[in-house]
Amino acid sequence: MDSLKASLPADLSDPVTLWSLGSTVAILGVAYGLSLWAVDGTVSRARRFLFVWHAFDALIHLCLEGSFLYHCFFSWIPLSSVANPLALAPTAYNFLGHTNRAYGPQAGGDAPMAQLWMIYAKADRRWGGADLSVISLELLTVFIAGPLAAYVAYGIATKKESVNVLMIVIATMEMYGGWITFCPEWLVLNYNLDLSTFMYKWVYLVFFNVLWVFIPLYACYVAVADINDAYAVRKMAKVAKKSK
């Protein structure tokens, strides 16, 4: 047992890390449970998978990322109370009209969601403070992409083919958001990223963000295939109508 524990990433012994990973797994479990309750047996496996994905996506955006925005706007500490303000994650100058405050999860104290985001901030320190690019992106994600994803899940469950268009819209938002998140870091040679441990690099930065690239691409593939089928049926109907 000791040898097994020694072979695991050191971060897995941290309770907050376990809580952050566990919360993600719990949200996935809720999304899957909703699929068993809301999606009947006539729905294809692809559509069922996309129901689970969009329900999961909506819950992640609304619950986890919503909590990040809450701490960005409502959690703050005076810079005068910090011995070394330069050690803090950056807060944009004059954020919300203040120049003497540090905002973000770093100011959330022992609040569970603040602690969760501070674990992620070990991999990308921008998420510990109030970075304008991140906040601007999360405002769109939480208040637009989240509700849209919930509606897509509802549409799949109720067999609304029109949600194919929204799936493409959401997928485009997700992939564009990933680019806007990481391209600035690549341009400054990953200045705010910590790639030194397995958990930070491969779990937090790579795995969790790659999910929001490949699954949206798959959603686009399924949606475009359905839309093309609809166009083909319409074309056949027009041909049949002209032949009469």
Side-chain angles (χ1 to χ4, degrees), residues 24-25 27-66 68 133-134 136-187 202-244:
T24 304
V25 173
I27 289 174
L28 179 60
V30 170
Y32 179 73
L34 285 173
S35 75
L36 298 178
W37 172 72
V39 182
D40 66 45
T42 63
V43 175
S44 68
R45 289 184 178 180
R47 305 289 280 192
R48 182 180 294 276
F49 171 78
L50 289 175
F51 173 93
V52 174
W53 167 252
H54 284 93
F56 173 76
D57 191 40
L59 290 169
I60 288 289
H61 291 332
L62 296 172
C63 298
L64 295 190
E65 292 171 270
F68 170 77
S133 296
V134 171
S136 299
L137 182 64
E138 288 296 350
L139 285 170
L140 291 174
T141 301
V142 172
F143 293 107
I144 297 180
L148 283 180
Y151 180 77
V152 167
Y154 166 77
I156 292 173
T158 55
K159 302 175 184 177
K160 294 180 182 292
E161 297 299 329
S162 59
V163 298
N164 283 311
V165 176
L166 288 180
M167 280 200 287
I168 296 173
V169 171
I170 295 171
T172 303
M173 291 180 68
E174 304 284 11
M175 292 184 285
Y176 183 78
W179 176 261
I180 293 301
T181 298
F182 287 103
C183 184
E185 280 304 298
W186 298 333
L187 294 176
W202 294 108
V203 178
Y204 289 128
L205 295 176
V206 176
F207 176 72
F208 280 123
N209 287 286
V210 164
L211 282 180
W212 270 267
V213 174
F214 288 105
I215 298 181
L217 282 174
Y218 177 69
C220 284
Y221 168 78
V222 172
V224 169
D226 279 355
I227 291 171
N228 285 339
D229 287 346
Y231 278 124
V233 170
R234 187 176 71 174
K235 183 177 180 180
M236 291 170 56
K238 286 182 177 180
V239 171
K241 185 176 180 180
K242 289 180 180 179
S243 64
K244 289 183 181 179

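Using a 4.5 Å heavy-atom cutoff, the side chains of Met167 and Ile170 are not in contact. Using a 4.5 Å heavy-atom threshold, the side chains of Val222 and Phe49 count as separate. Looking at heavy atoms from C-beta onward, Val152 lies out of side-chain contact with Phe51 at the 4.5 angstrom threshold. The side-chain heavy atoms of Asp40 and Lys159, taken from C-beta on, include a pair separated by under 4.5 Å. In this structure, the side chains of Ile168 and Asn164 stay at 4.5 Å or more apart for every pair of heavy atoms. Contact of the Leu34 side chain with the Val39 side chain is not registered, since no non-hydrogen atoms from C-beta on lie closer than 4.5 Å. Here the side chains of Leu148 and His54 are not in contact, with every heavy-atom distance at 4.5 Å or above. Using a 4.5 Å heavy-atom threshold, the side chains of Leu139 and Ile144 count as separate.
Here Glu138 contributes atom CD and Ser133 contributes atom OG; the two are 12.0 Å apart, rounded to the nearest 0.5 Å. We find the CG-CD distance between Leu137 and Glu65 to be 8.0 Å, quoted to the nearest 0.5 Å. Atom OG in Ser35 sits 10.5 Å away from atom CD1 in Ile156 (nearest 0.5 Å). With rounding to the nearest 0.5 angstrom, the CZ atom of Phe56 is 6.0 Å from the OG1 atom of Thr24. Between the CH2 atom of Trp53 and the CD1 atom of Ile60 there is a distance of 8.5 Å, given to the nearest 0.5 Å. The distance from the CG atom of Leu28 to the CG atom of Asp57 is 12.0 Å, given to the nearest 0.5 Å.
Of all heavy-atom pairs between Glu174 and Pro216, the closest is CB-CG, 3.9 Å. Ala153 approaches Ala55 most closely through the heavy-atom pair CB-N, 4.0 Å. Among all heavy-atom pairs drawn from Ala150 and Ala58, the shortest one is N-CB, 3.6 Å. In terms of heavy-atom proximity, Ala157 sits nearest to Ala38 at CB-O, 3.7 Å. Here the closest heavy-atom approach between residue Trp212 and residue Met175 is recorded as O-CG, 4.0 Å.
With sequence neighbours left out, Arg47 forms a salt bridge (charged side-chain N to carboxylate O under 4.0 Å, His left out) with Glu161, Asp226.
Taking the six-membered ring for Trp and thresholds of 30 and 60 degrees, Trp186 and Trp179 have ring planes more than 60 degrees apart, a perpendicular arrangement.
Between the side chain of Asn209 and the backbone N or O of Leu205, at least one donor-acceptor pair lies under 3.5 Å.
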For Thr181 and Val134: C-alpha separation, side-chain torsions, deciding distance, then whether side chain to side chain contact (heavy atoms under 4.5 Å, CB included) applies. CA-CA 7 Å; Thr181 298; Val134 171; 5.6 Å; no
Quiz prompt | Check against side chain to side chain contact (heavy atoms under 4.5 Å, CB included), Tyr32 and Leu36 | solution = CA-CA 7 Å; Tyr32 179 73; Leu36 298 178; 3.6 Å; yes
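Atom OH of Tyr218 is surrounded by more than 12 heavy atoms from other residues, nucleotides or ligands within 6.0 Å. The local environment of OH in Tyr154 is sparse, with at most 12 non-hydrogen atoms from other residues, nucleotides or ligands closer than 6.0 Å.
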